[in-house]
Amino acid sequence: MGGHCNQDKLMDLKETVTKFTGLPAAAVDRLLALGTTKELSKGDLFIRAGDLPKKMGLVLSGLFRYVYTDDNGNEFTKAFMPAASFLSSYSSMIHGERSYYGIEALEDARVLEFSYEHWQQLRTEDPAWDKLLLKMLELGYSAKERRERELLLLSAEERYQNFYVRYPDLAGRIKQRQIASFLGIQPESLSRIKKKLGP
């Protein structure tokens, strides 16, 4: 009975990963063979700022954020990462440097975790992984460019409105201070904007 249950879970996991990545079955099987499913509680860190990152993860369920914290304890949210996102401090990992930001679970979450060494192994074995990497980098670059443009050119009210249009399903899952830190404003300013414009 237990074996049947484990087999069902494996099939569900394979279906989820295939759906998220769009990779062929053989590539997904290889990832599942190398990866480990991890459960994280709300507030747990997948990667801690200052660590030498050596792992990546695919978010199966839950929500994460990339967060910088300055010497005074002020937080600056770089990005929100829902299910189907890949987690990594990639530039630090490829350069062997300490991560400048942490990756925090904002909800209880489930992640398929695998090492950078295994990631390199996957890329060597199958070009499908390089295609996925290119897709991830393109998405990340586009999001970074859009965020920089909005921070430079848009008012706080416009950034707030864009956030709720772009992430309608996330707004109710994130604390107001975390949204404010993503928008580059103080929580008090966000409260004033919400009062003026409405939810």
Side-chain angles (χ1 to χ4, degrees), residues 2-67 77-144 167 169-170 173-174 178:
H4 179 69
C5 181
N6 288 338
Q7 187 67 27
D8 287 345
K9 286 183 179 179
L10 182 61
M11 291 301 295
D12 288 344
L13 179 59
K14 181 175 179 178
E15 184 178 333
T16 299
V17 174
T18 302
K19 177 183 174 184
F20 286 171
T21 63
L23 289 167
V28 173
D29 286 339
R30 186 64 176 136
L31 176 63
L32 295 180
L34 295 175
T36 304
T37 304
K38 296 289 182 70
E39 308 280 341
L40 290 94
S41 299
K42 181 179 179 179
D44 285 350
L45 291 170
F46 180 73
I47 290 175
R48 189 180 301 275
D51 283 354
L52 284 169
K54 296 181 179 178
K55 64 180 180 179
M56 302 172 64
L58 172 63
V59 183
L60 302 173
S61 65
L63 178 65
F64 290 80
R65 69 168 174 157
Y66 290 8
V67 57
T77 299
K78 170 181 164 68
F80 295 108
M81 309 297 284
S85 301
F86 277 91
L87 302 177
S88 73
S89 183
Y90 203 76
S91 61
S92 295
M93 193 162 55
I94 63 176
H95 293 298
E97 299 172 348
R98 298 190 181 279
S99 179
Y100 289 103
Y101 56 82
I103 303 178
E104 177 190 8
L106 298 180
E107 302 171 344
D108 291 346
R110 193 161 153 259
V111 175
L112 180 64
E113 179 183 308
F114 48 99
S115 70
Y116 180 58
E117 180 181 350
H118 284 152
W119 171 247
Q120 294 292 71
Q121 188 176 336
L122 288 168
R123 292 178 59 202
T124 300
E125 293 173 354
D126 189 338
W129 290 102
D130 274 338
K131 292 180 181 178
L132 180 63
L133 175 60
L134 178 60
K135 179 181 176 181
M136 289 162 48
L137 292 175
E138 287 175 341
L139 289 172
Y141 181 82
S142 297
K144 180 177 182 292
Y167 306 109
D169 58 328
L170 297 187
R173 300 161 62 186
I174 303 169
Q178 294 166 346

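Only this structure's heavy atoms are used, side chains among them; waters, hydrogens and symmetry mates stay out.
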Student check: side-chain heavy atoms of Leu137 and Leu133 closer than 4.5 Å: yes

Pair Glu117-Gln120, side-chain contact (heavy atoms from CB on, under 4.5 Å): steps then yes or no: CA-CA 5 Å; Glu117 180 181 350; Gln120 294 292 71; 5.9 Å; no

Close side-chain approach of Asp108 to Glu39, heavy-atom, < 4.5 Å: no

When rounded to the nearest 0.5 angstrom, what distance separates CD1 in Ile103 from NZ in Lys78? 10.0 Å

Begin from the C-alpha positions of Leu106 and Gln178 and carry the test side-chain contact (heavy atoms from CB on, under 4.5 Å) through to its verdict. CA-CA 10 Å; Leu106 298 180; Gln178 294 166 346; 3.5 Å; yes

Can you measure from CG (Asp130) to NZ (Lys135) and round to the nearest 0.5 angstrom? 14.5 Å

Atom CG of Asp12 and atom CG of Leu60: how far apart are they, to the nearest 0.5 Å? 11.0 Å

Gap separating the OG1 atom of Thr36 from the NZ atom of Lys55, nearest 0.5 angstrom: 10.5 Å

With a 4.5 Å limit on heavy-atom distance, are the side chains of Ile47 and Leu87 in contact? no

Are Glu107 and Lys42 close enough for a salt bridge, meaning some N to O gap below 4.0 Å? no

Sorted by chain and residue number, the ring-ring contact (aromatic ring centres under 6.0 Å, His included) partners of Phe46 (sequence neighbours excluded) come out as none

Side-chain heavy-atom pair Thr37, Leu13 within 4.5 angstrom cut-off: yes

Pairwise side-chain contact, Phe80 with Tyr167, heavy-atom cut-off 4.5 Å (strictly under): no

For the side chain of Asp51 and the backbone of Pro53, is there at least one donor-acceptor N/O pair under 3.5 Å apart? no

Under 3.5 Å, side chain of Tyr66 to main-chain N/O of Ser88, donor-acceptor pair present? yes

Check against side-chain contact (heavy atoms from CB on, under 4.5 Å), Val59 and Phe86: CA-CA 6 Å; Val59 183; Phe86 277 91; over 6 Å; no

Walk me through whether Thr16 and Leu112 qualify under side-chain contact (heavy atoms from CB on, under 4.5 Å). CA-CA 11 Å; Thr16 299; Leu112 180 64; over 6 Å; no

Using a 4.5 Å cut-off on heavy atoms from C-beta on, say whether the side chain of His118 contacts that of Met56. no

Determine yes or no for a side-chain-to-main-chain donor-acceptor pair under 3.5 angstrom, with Ser41 supplying the side chain and Asp44 the backbone. no

For Arg48, all residues meeting side-chain hydrogen bond (donor to acceptor under 3.5 Å, both in side chains), sequence neighbours excluded: none

Using modelled atom types only, decide if a donor and an acceptor are shared between the side chain of Ser142 and the backbone of Leu139 within a distance under 3.5 Å. no

Please determine if Lys54 forms a cation-pi arrangement with Tyr116, meaning its NZ or CZ atom is less than 6.0 Å from the six-membered ring centre and no more than 45° off the ring axis. no

If you define the side chain from C-beta out and look only at heavy atoms, does anything of Tyr101 sit under 4.5 Å from Ser89? yes

Restricting to non-hydrogen atoms, name the atom on Pro82 and the atom on Ser85 that form the minimum distance, rounded to 0.1 Å. O-OG, 2.8 Å

Donor-acceptor pairs are to be reported for all side-chain atoms of residues 19-31 against protein atoms at under 3.5 Å, with residues two or more places apart or in another chain.
residue: Thr21; atom: OG1; partner: Val17; partner atom: O; Å: 2.8
residue: Thr21; atom: OG1; partner: Leu23; partner atom: N; Å: 3.2
residue: Asp29; atom: OD1; partner: Lys14; partner atom: NZ; Å: 3.0
residue: Asp29; atom: OD2; partner: Lys14; partner atom: NZ; Å: 3.3
residue: Arg30; atom: NE; partner: Glu125; partner atom: OE1; Å: 2.9
residue: Arg30; atom: NE; partner: Glu125; partner atom: OE2; Å: 3.4
residue: Arg30; atom: NH2; partner: Glu125; partner atom: OE2; Å: 3.0

On the 0 to 90° scale, with breaks at 30° and 60°, tag the Tyr90-Trp119 ring pair as parallel, tilted or perpendicular. perpendicular

Under 3.5 Å, is there a donor on one side chain and an acceptor on the other for Ser61 and Arg110? no

